[in-house]
Amino acid sequence: MVPILSLVVPSPQPHPELLSIYDAAPTLANLLTYSPPAPSSPLPRKVRSAAVVAMTQRGEAAECALVLASVLLGAGYRAFVAQGIASPSLVAGDTSTLSCPYLAPPQKRQVTCPTLVEPNTGKITLLPTEEPLPFLCLHALFNHSNYWASTQPRTPLNRDTFNLDDRSLWLPLIDDGSGKPNERPQPKGMRHKPSEPSSHTKEHEDTQQASHDPQDSPTLLQRFPGGWREEVYREAVVRRYAPLTHPRGTTLALTLRTPEGSVKEVREEFQQRQDRLVGRITDLNTGAVRDTFSRSRKDTLKEHQYWREPISLGTRVGPDGVDNPWQASELEVRGQTQPLEVFLFHSEFRVDALRRREVRSGEWREEYDARADLLLRRTVTFASASSRAVQKIEEEFESPDKGCSDDSGNGEADDGGSGDGRGRGMSSSSRGMQQSVQRRVMMVTEGRVHLLYHYGRHRLLQPSRTFVKPQDGLATSLTMEHTHSFQPDPGAEEPKLPQLWEELEVQMEAEARALVEVRQAVEETEAIKEARVSEEEQATLLPGIFDTTSNATVQQILKERAWEEAHREETERKKREELEGRVDIIAPYLPLLQVSCATSTWFVGGEGLEEAVQERCLQDLRDRLALRANLLQDKLDEAREAVLTCREEVSRRKRVTAEERAALNAETAAAEAAHRRLRAHLAAWRHEAEERYETMAAKLEIDSRIRLIPSSGLSSPPPDTVQGSTTSPSPRR
């Protein structure tokens with residue numbers, strides 16, 4: 001029996017997730033499993049220390065609160081464990097009546113007022129709050145320094161409730177007579193550097209980290225005991241998985257339901273995926289699927305949105321999210337303004353500064369960010385929905401610096417050479433045309449180019465010009481009939497034919513470049529779609545390159561998963577052949593039937609022969625199944641001995657270097673992973689052995705070759721057989 005104050009130990013942790021209350025609360029809620037008390041059970045008389053609770057990853061309400069308070073105190077917060085009466089739903093761990101916290105807007109990450117934290121869910125509530133509190137009464141507060149008893153437990157919780165200096169509200173257990181709580185001084189360095197452990201605790205932490213198994217210690221290698229956890233809220237179900245435990249890399253699967261109970265939306269989060277997929281939102285009402293990717297994806301894809309049939313998409317939804325939505329049927333009926341697919345890119349990583357691409361039926365739309373040629377948007381119209389023959393290209397450009405315009409309104413910005421792709425216009429001496437193009441329409445099949453220029457200074461109308469390209473493409477073939485213009489400035493001079501031909505050459509070069517970029521865009525889009533299909537069919541997970549502590553365990557898990565995938569086809573083929581009857585297990589026992597019919601002297605009229613053959617077949621099957629089980633059990637015993645040896649080595653070596661500790665942890669993790677794998681194989685084999693035995697017994701009951709054992713002529717054996725059996729026993733018998 002120890003004082004409850006001694007169980008609250010300020011524990012500085014080296015993990016960034018435990019340095020802020022907004023990160024530590026959900027992290028510890030994921031690490032620990034709350035054990036609700038039994039109905040009508042008395043208050044607990046014993047609690048375990050925070051170290052034991054963190055090691056076992058399971059605890060009651062007070063035990064989980066001890067862990068959270070110890071971590072927050074180590075991070076520099078003034079944290080307390082609160083004792084009182086809570087709502088029955090909170091005590092029972094029932095969150096079905098609460099709103100889903102994953103749908104709430106993000107909170108400010110500062111603590112400027114009294115804050116309540118639920119250790120079992122990680123929910124943070126700032127006081128005062130408008131929502132009803134699940135805490136009904138507050139009886140006491142304590143931490144490592146003192147214990148305060150409430151004199152007014154029925155008082156509603158507010159900001160003034162937690163004024164521990166007010167003796168009308170709180171009475172301290174340890175009082176120095178000054179009216180203030182006698183707080184124990186903090187270790188040196190903790191107040192200014194909460195993220196660094198003090199000197200007298202470093203040796204203890206090194207010993208603890210070396211003596212405990214990394215999978216059982218609070219090193220955040222396994223966020224959820226058992227690998228995953230399910231939380232039920234009002235009209236929402238949340239499944240959270242530890243990294244690398246789900247084959248698709250899922251860490252969060254949030255399923256939103258209607259009041260009637262049908263699924264309306266699924267939100268997923270992913271980690272450690274090779275394709276850099278980090279999020280997915282699936283709308284079951286419209287069939288919209290939106291995938292989000294990290295910045296490290298090679299093709300710079302940021303977001304991909306596509307549509308599928310809601311009914312077909314609903315068949316892919318499970319408790320752990322949506323399984324490969326690409327296999328769902330495509331949406332047939334669409335709105336007039338609804339695109340087929342939408343691609344968003346990280347424009348800062350692309351040479352062409354592409355930001356958005358919409359794929360429509362017979363039309364593509366692209367948007368750009370901060371291009372040197374001032375291009376903002378491009379719309380490409382194809383000849384048909386299935387054809388990629390370009391019919392028209394329409395481009396829009398940003399307005400250049402307005403300070404470069406002259407007094408007459410004729411813009412004299414940069415020279416706008418052919419390299420910028422926005423149309424050069426006329427030379428600076430020509431005042432009949434604008435230099436900056438706002439909109440360019442290239443009608444490829446008709447051989448025409450239409451230019452619309454930006455507004456000039458003090459001008460209400462926009463000038464424009466249309467070119468008809470000569471069929472032979474020669475400058476001498478250009479006449480004034482090949483161009484038409486609208487010039488709102490009556491004082492502007494009409495440009496000469498050489499200047500017009502120079503402008504037309506610039507536009508034809510821009511059209512050729514646009515056609516090349518369109519062809520490259522089509523090829524890039526097809527390559528991205530093919531890559532996405534293959535990535536969803538076989539999701540590949542990668543370990544974190546900086547997670548050196550758990551890399552050994554992760555690599556072992558990935559190797560086992562790869563081995564299972566490589567041998568899955570062969571295993572499934574063998575099982576399928578057995579079920580379909582291709583493997584004839586009874587055939588080796590047919591000669592036994594014939595020999596028994598010919599030489600048996602103890603069967604009268606064939607009675608008992610059928611049962612004896614069936615029993616012989618089943619006995620051999622039992623021997624084979626038991627032999628496999630014994631081999632697995634022997635390997636399991638060896639793996640258990642290896643785990644115990646590793647743990648003894650870890651506990652024996654107290655002072656080790658960082659490299660030695662990493663090697664010991666890696667060896668222990670590999671041994672434990674092998675032990676878990678063999679234990680799972682043995683459990684699976686026991687289940688499979690029962691199924692095989694029952695299947696074989698059923699086959700023997702209906703097999704016609706056993707039922708057609710001759711029953712006549714066996715009342716007395718043949719003379720030669722009887723004589724042979726009496727004089728000299730048969731070697732076979």
Side-chain angles (χ1 to χ4, degrees), residues 275-278 290-306 339-383 387-401 413-425 435-444 449-454 503 505-532 535:
D275 57 2
R276 302 301 187 266
L277 179 66
V278 296
R290 185 174 63 188
D291 295 340
T292 306
F293 303 88
S294 65
R295 299 163 64 92
S296 57
R297 187 175 170 91
K298 292 184 179 180
D299 55 12
T300 70
L301 184 62
K302 179 181 180 181
E303 188 175 297
H304 183 204
Q305 186 175 7
Y306 50 97
L340 299 176
E341 291 181 85
V342 178
F343 299 87
L344 297 182
F345 298 90
H346 293 281
S347 58
E348 63 272 19
F349 302 142
R350 295 182 62 96
V351 178
D352 56 358
L354 177 64
R355 180 177 64 87
R356 179 185 177 91
R357 177 181 294 154
E358 290 187 9
V359 179
R360 298 174 179 267
S361 180
E363 182 182 88
W364 284 28
R365 298 181 182 179
E366 296 180 340
E367 298 179 3
Y368 302 87
D369 282 339
R371 277 182 60 132
D373 57 3
L374 304 180
L375 179 62
L376 291 178
R377 283 173 290 275
R378 174 183 289 161
T379 303
V380 182
T381 304
F382 297 96
S387 174
R388 286 296 175 258
V390 179
Q391 185 176 6
K392 182 177 68 173
I393 300 177
E394 182 178 349
E395 297 177 338
E396 296 183 17
F397 298 88
E398 184 181 2
S399 176
D401 189 4
D414 49 33
D415 57 357
S418 59
D420 59 7
R422 64 178 176 87
R424 182 173 57 181
Q435 285 185 341
S436 56
V437 177
Q438 178 190 7
R439 186 160 154 262
R440 174 168 56 201
V441 181
M442 295 170 285
M443 289 159 279
V444 180
V449 179
H450 176 73
L451 304 176
L452 182 66
Y453 299 93
H454 282 283
E503 174 68 15
E505 279 186 328
V506 172
Q507 303 307 324
M508 289 191 296
E509 292 176 359
E511 179 180 322
R513 286 194 302 271
L515 289 174
V516 173
E517 293 180 2
V518 169
R519 185 182 71 253
Q520 294 175 350
V522 172
E523 295 175 354
E524 180 188 30
T525 303
E526 295 298 329
I528 291 177
K529 293 174 64 175
E530 292 178 0
R532 291 294 299 123
E535 290 166 355

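Residues take their numbers from the sequence shown, with the count starting at 1.
A distance of 9.0 Å separates CZ of F349 from OG of S296, quoted to the nearest 0.5 Å. Atoms CD and CD, from E517 and E524 in turn, are 11.5 Å apart once rounded to the nearest 0.5 Å. Atoms CD and CG, from E398 and L374 in turn, are 5.5 Å apart once rounded to the nearest 0.5 Å. With rounding to the nearest 0.5 Å, the separation of NE2 in H454 from OG in S399 is 4.5 Å. One distance of note links OG of S436 with OH of Y453; it measures 9.0 Å at 0.5 Å rounding. Atoms CE and NZ, on M443 and K392 in that order, are 7.5 Å from each other to the nearest 0.5 Å.
Of all the heavy atoms in V522 and W364, the pair that sits closest is CA-CH2, 3.6 Å. Across R532 and F293, no two heavy atoms sit closer than the pair NE-CZ, 3.3 Å. Here the closest heavy-atom approach between residue A514 and residue M442 is recorded as CB-CE, 4.1 Å.
Taking the side-chain contact (heavy atoms from CB on, under 4.5 Å) definition, one finds that V278 meets it with T292, S294, sequence neighbours left out. Taking E366 as the reference, R357 meet the salt bridge (charged side-chain N to carboxylate O under 4.0 Å, His left out) condition, with sequence neighbours excluded. Partners of R295 under the salt bridge (charged side-chain N to carboxylate O under 4.0 Å, His left out) rule, at least two apart in sequence or in another chain, are E348. Looking at residues two or more places apart in sequence or on another chain, you find a salt bridge (charged side-chain N to carboxylate O under 4.0 Å, His left out) between D299 and R297. With sequence neighbours excluded, no residue satisfies side-chain contact (heavy atoms from CB on, under 4.5 Å) with A370. Partners of V516 by side-chain contact (heavy atoms from CB on, under 4.5 Å), not counting sequence neighbours, listed by chain and number: R519, Q520. Evaluation of the side chain to side chain donor-acceptor pair (under 3.5 Å) rule for R377 yields E396 as partners, not counting sequence neighbours. D352 pairs by the side chain to side chain donor-acceptor pair (under 3.5 Å) definition with R350, not counting sequence neighbours. Residues meeting the side chain to side chain donor-acceptor pair (under 3.5 Å) test with H304, sequence neighbours left out: E341. Residues satisfying the side-chain contact (heavy atoms from CB on, under 4.5 Å) test with E358, not counting sequence neighbours, are P339, V342, R356, R360, R365. Residues passing the salt bridge (charged side-chain N to carboxylate O under 4.0 Å, His left out) test with R388: none are found, sequence neighbours excluded.
Judged by distance alone, the side chain of T525 and the main-chain N or O of A521 form a donor-acceptor pair under 3.5 Å.
The shortest distance between side-chain heavy atoms of R440 and F397 falls below 4.5 Å. A heavy-atom distance below 4.5 Å is not found between the side chains of F343 and L354. Contact of the T379 side chain with the E363 side chain is registered, since non-hydrogen atoms from C-beta on lie closer than 4.5 Å. Counting only heavy atoms from C-beta outward, the side chains of L515 and V390 approach each other to under 4.5 Å. Contact check for I393 versus V518: side-chain heavy atoms found under the 4.5 Å cut-off. Put simply, the side chain of Y306 reaches to within 4.5 Å of the side chain of D291, judged on heavy atoms.
Checking each of R378, R371, R513 against E395 for a salt bridge (Lys or Arg N to Asp or Glu O under 4.0 Å) leaves exactly one that passes, namely R378.
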Evaluation steps, side chain to side chain contact (heavy atoms under 4.5 Å, CB included), between L301 and I528: CA-CA 9 Å; L301 184 62; I528 291 177; 4.0 Å; yes
Derivation of the salt bridge (Lys or Arg N to Asp or Glu O under 4.0 Å) call for E394 and R439: CA-CA 7 Å; E394 182 178 349; R439 186 160 154 262; 2.7 Å; yes
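Side-chain atoms of E511 and Q507 include no donor-acceptor pair closer than 3.5 Å.
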